[in-house]
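Working notes for the structure below.
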Amino acid sequence: MSKVFGSGNTACAMAVKDADVDFVAAYPITPQTAVAEKIAAYIAQGIMDANYLPVESEHSAASAIAAASAVGARVFTATASQGLLYMHEILHYAAGGRLPLVMANVNRAVNMPWCLYADHQDAVSQRDTGWIQLFAASNQEIYDSILLAFKVAEEVQIPVMINYDGFLVSHSMMPFETLDENKIKEYLPPYDPSWRLHPQWGGTFGNVTFSEQYVPYRESLTRDVKRAGELIIRCAREFEELTGRWHGGYFDVYRPEDASFFLLSMGSMGKEMELAVDLLRQEGIPAAGLRLRVFCPFPKEELSALLPTGTNLLVFDRNLVYGSAAGVLLQESRAALYDRRDEIRIAGISVGLGGEDLPASLLADKAREMIQEVKK
Amino acid sequence: MDKKIVQPISRPVQGACGVTGTWRSQRPILDTSLCNGCLICWLYCPEAAISREDRDIDFTYCKGCGICAVECGKKAIRMVKEEIK
Ligand code: SF4
Ligand code: SF4
């Protein structure tokens, strides 16, 4: 184990190096670029034993790692914003193909107008592709989540996306700890697929189906995405036993004692929210923070279990569902809590779009406004 | 890994429509005196029905598509009507 002082992108690249990845294909895009560069440098310097394919686009990056995964390699790519949108077709392909790809998506606003800063529109637009999506809020959490992602992806054969906010996390320097090679081997043994495309294997991959074959595949994918939630928590617990490091389960819960206002958000906003909760608590407002770590599968039952009867959920979305009140988290929360609509009041807003600065004081102001709304 | 996971992979089994040789309405006939052994037919045959060694055609799988006859530069393969015996 060594202590590193580095950026979120460095933490990401180091985790990929340490995870014994076989194949990486990536196309540079702000604010992900340093990930693609650092991994290429590790391989060029001989400190990482992997193949790196410099591709001409994100669509090719996703296609290349999907193909490499099908021949049995442990694979990785990283992207952001438009790059992720360009991969969209292959995201479906990989999830349907049950290929355990791992990708880092450095959350960035989508065009137009052009904008380079933190925003979750890129990731939430991929909600229905069948990928597991995790959100990390610190460089340590990025490093640890990449290792966890490979373990989860390979066990349940579903691709995993690790999200972290562009610039706010990707370019922020923070101390983090790596993990010793022997401990990584214990946690993440070499990938051992049950099949791989090979002339001697004699099978084919992704044949044409009619509805009677297609339906069981789709049903099994949605079932397995759902049960991946428990697997994520189990793998996080195993990681905690091994390293003592814990970032939360489905949620990173802050000051839930006697809370009646739960402030739900994702990514770096969820960490800043802890300071907003402190400000509100100082005024005697019983607030708590819920930083969602597992966006897909959305933990409906677990969210409900965190909220006692008579409490209020205040949702902060860093994305928009156009024409609706706010974003995807508000919709998911309302759907999750529909059966308890007489017990739990919900309000939601979209903030922080395009990297809009979100100091704790502003989040506390927004929370106070929503508290007035739910009290009506 | 959980071995119960439904994977979109296929293993060769006898096709739902029977062996492809039963589809044939035309049959390729090879004139070995014209053949120079270039193996173009072997490369193109979608059913891998042509032998690499002697260009012998396996009529259990030859579906009579005629690709071999079109691709053969020496015109050593001609297609004749399949007769029902
Ligand atoms: S393509 Fe024609 S010439 Fe070439 S091997 Fe086949 S039959 Fe013979
Ligand atoms: S007719 Fe078609 S299937 Fe039969 S040997 Fe020629 S190319 Fe192959």
Side-chain angles (χ1 to χ4, degrees), chain A residues 66 69-72 74 92-100 130 150-159 188-210 212-228 230-231 234-235, chain B residues 1-28 30 35 37-73 77 79 82:
Chain A
S69 180
V71 298
R74 179 175 284 165
H92 278 285
Y93 219 94
R98 304 304 297 264
L99 299 170
F150 282 107
K151 193 174 171 71
V152 168
E154 288 168 12
E155 186 146 343
V156 73
Q157 296 278 296
I158 294 173
L188 183 65
Y191 179 39
D192 179 25
S194 63
W195 65 275
R196 63 181 85 201
L197 282 180
H198 189 280
Q200 254 108 61
W201 174 61
T204 59
F205 170 56
N207 260 343
V208 178
T209 56
F210 294 104
E212 60 268 37
Q213 296 98 26
Y214 186 77
V215 171
Y217 281 116
R218 292 291 129 177
E219 284 178 343
S220 83
L221 178 57
T222 189
R223 208 170 40 237
D224 291 346
V225 167
K226 170 94 180 126
R227 78 184 169 89
E230 285 164 31
L231 176 65
R234 202 190 78 212
C235 291
Chain B
M1 197 202 97
D2 188 337
K3 306 287 183 212
K4 290 195 301 285
I5 290 166
V6 187
Q7 306 272 357
I9 54 177
S10 336
R11 308 288 304 207
V13 291
Q14 188 166 335
C17 300
V19 292
T20 44
T22 62
W23 304 0
R24 208 170 48 246
S25 62
Q26 299 182 93
R27 158 186 294 256
L30 171 68
C35 170
C38 70
L39 292 180
I40 288 288
C41 57
W42 170 79
L43 264 179
Y44 273 88
C45 173
E47 297 302 330
I50 302 176
S51 158
R52 193 169 199 269
E53 280 64 48
D54 57 7
R55 267 70 70 201
D56 188 39
I57 297 170
D58 182 346
F59 287 103
T60 308
Y61 296 106
C62 167
K63 64 187 174 190
C65 66
I67 290 173
C68 53
V70 169
E71 295 299 334
C72 172
I77 301 176
M79 302 301 291
E82 184 71 34

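Just the heavy atoms: all of them, side chains too, but no hydrogens, waters or symmetry mates, feed the values below. Below, read A as the first sequence line, B as the second, and so on, with proteins coming before strands; counting in each chain starts at 1.
- For residues 37-47 of chain B, the pairs satisfying side-chain hydrogen bond (donor to acceptor under 3.5 Å, both in side chains) are B:E47-B:K63, with sequence neighbours left out.
- Dense packing is recorded around CZ of B:F59, with more than 12 heavy atoms of other residues, nucleotides or ligands lying under 6.0 Å away.
- Applying the ring-ring contact (aromatic ring centres under 6.0 Å, His included) criterion to A:W195, with sequence neighbours excluded, gives A:W201, A:F205.
- Scanning both residues, B:P8 and A:G96, for their nearest heavy atoms gives CG-O, 3.4 Å.
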Determine, step by step, whether B:I9 and A:T204 satisfy the side-chain contact (heavy atoms from CB on, under 4.5 Å) criterion, reporting the C-alpha distance in whole Å, the side-chain angles of both residues, the deciding distance to 0.1 Å, and the verdict.
CA-CA 6 Å; B:I9 54 177; A:T204 59; over 6 Å; no

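- Between the side chain of A:Y217 and the main chain of B:Q7, a donor-acceptor pair closer than 3.5 Å is present.
- Across all non-hydrogen atoms, the minimal contact from B:I5 to A:D224 is CG1-OD2, 4.2 Å.
- Annotation: B:R52, atom CZ; neighbour count of heavy atoms from other residues, nucleotides and ligands within 6.0 Å does not exceed 12.
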